[in-house]
Trainee: 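A single structure is presented below for examination.
Chain A is the first sequence line, chain B the second, and so forth, proteins listed ahead of strands; every chain is numbered from 1.
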Number of protein chains: 2
Amino acid sequence: MDDQRDTTDRFLPRFDAAGLVTAIVTDADSHVLLMVAHMNEEAIAKTRETGQAHFWSRSRTSLWRKGETSGNGLTLVEMRVDCDQDALLLRVKPAGPACHTGRRSCFYRRVESDGRLSFLADDAQG
Amino acid sequence: MDDQRDTTDRFLPRFDAAGLVTAIVTDADSHVLLMVAHMNEEAIAKTRETGQAHFWSRSRTSLWRKGETSGNGLTLVEMRVDCDQDALLLRVKPAGPACHTGRRSCFYRRVESDGRLSFLADDAQG
């Protein structure tokens, strides 16, 4: 653990070898976990400049604004950083479902003890 | 996006090149984001078998049980998986502060518009 990063008041993201940090996105009002994505330096800058969440797509190797095709953008309420500065929390107001499947949250399945996944009702995804 | 992984009822974690998935840990009661860590196949198995959160430490390259030195273990209430199965949500009951700094959550600093970090009161870390 890098003590400097966990005590400083300077924002010093600890990017991985691919230049990315993990971004955890929650609903600012309900605290519901909506999605997990990745951000590079440009995505962080764009998000802070515009107030709309931008991410780095590892599969498409390009910057994207969440909602640019679906319309379901995420308006930033607050950005936080964790102790070692390799993960960000984006507290947002979502314009619609955050998941590409049309669900409110990407975390719509529970891992059961027998290894099967059970699908949760949309209002139980908190 | 792998359609099969987002519609199946089979638990098929999509491990990265290092054999890891991202684990998001929240307080099962309050939904507060506590910490982010990584899990390999063994960490997932141990967590499911014992009901106590285990992770893979990338810096120490070893499996660890959260709380094995601090006493602040995390009792698993529910495990969820996201649409493309490369991230897990662990809803837990924490025995104490989740952060190594002694704070309830690792996300105790807000990124301000001027790039400075402000420290949040412990009860505002939700």
Trainee: Report the distance from atom CG of A:Leu89 to atom CZ of B:Arg110, rounding to the nearest 0.5 Å.
Mentor: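 Answer for the CG-CZ pair, A:Leu89 versus B:Arg110, is 11.0 Å.
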Trainee: Where does A:Val36 contact chain B at under 4.5 Å (heavy atoms): side chain, backbone, both or neither?
Mentor: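 Answer is side chain: those atoms of A:Val36 sit under 4.5 Å from chain B.
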Trainee: Would a single hydrophobic cluster contain both B:Trp56 and B:Phe15, if residues Ile, Leu, Val, Met, Phe, Trp and Tyr are joined by side-chain heavy-atom contacts under 4.5 Å?
Mentor: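 The answer is no; the residues belong to distinct hydrophobic clusters.
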Trainee: Under 3.5 Å, side chain of B:Arg109 to main-chain N/O of A:Thr8, donor-acceptor pair present?
Mentor: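 Answer holds: yes.
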Trainee: Nearest 0.5 Å please: distance from the SG atom of B:Cys106 over to the CG atom of A:Asp6.
Mentor: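 CG of A:Asp6 is found 9.5 Å from SG of B:Cys106.
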Trainee: Just checking A:Glu68: does its CD atom have more than 12 heavy atoms from other residues, nucleotides or ligands closer to it than 6.0 angstrom?
Mentor: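 Yes, because the 6.0 Å sphere around CD of A:Glu68 holds more than 12 heavy atoms from other groups.
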Trainee: What's the separation between atom SG in A:Cys83 and atom CZ in B:Arg103, rounded to the nearest 0.5 Å?
Mentor: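 So the gap between those two atoms works out to 9.0 Å.
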Trainee: Using a heavy-atom distance cut-off of less than 4.5 Å, which residues of residues 112-119 of chain B contact chain A?
Mentor: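 The residues closer than 4.5 Å to chain A, in numerical order, are B:Glu112, B:Ser113, B:Asp114, B:Gly115, B:Arg116, B:Leu117, B:Phe119.
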Trainee: Distance only, no hydrogens: is a donor on one side chain within 3.5 Å (strictly under) of an acceptor on the other, for A:Asp84 and B:His100?
Mentor: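 No donor-acceptor contact under 3.5 Å links the two side chains.
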Trainee: Side chain, backbone, both or neither: which part of A:Arg58 has an atom under 4.5 Å from a heavy atom of chain B?
Mentor: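 For A:Arg58, side-chain heavy atoms alone lie under 4.5 Å from chain B.
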Trainee: Rounded to the nearest 0.5 Å, what separation is found between the CG atom of A:Asp82 and the CZ atom of B:Phe107?
Mentor: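 Reported value, rounded in 0.5 Å steps: 4.5 Å.
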Trainee: Do B:Leu120 and A:Arg80 pass the side-chain contact (heavy atoms from CB on, under 4.5 Å) test, and can you show the C-alpha distance, the side-chain angles, and the key distance before you say yes or no?
Mentor: CA-CA 10 Å; B:Leu120 302 168; A:Arg80 296 185 189 174; 3.3 Å; yes
Trainee: Please round to the nearest 0.5 Å and tell me the distance separating atom NE2 of B:His38 and atom OG1 of A:Thr22.
Mentor: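 These two atoms lie 5.0 Å from each other.
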Trainee: Quick one: do A:Leu20 and A:Ile24 end up in the same hydrophobic cluster if we chain Ile, Leu, Val, Met, Phe, Trp and Tyr together by side-chain heavy atoms under 4.5 Å apart?
Mentor: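 A:Leu20 does not cluster with A:Ile24.
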Trainee: Between A:Val111 and B:Arg48, is any pair of side-chain heavy atoms under 4.5 Å apart?
Mentor: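 Sidechains of B:Arg48 and A:Val111: in contact.
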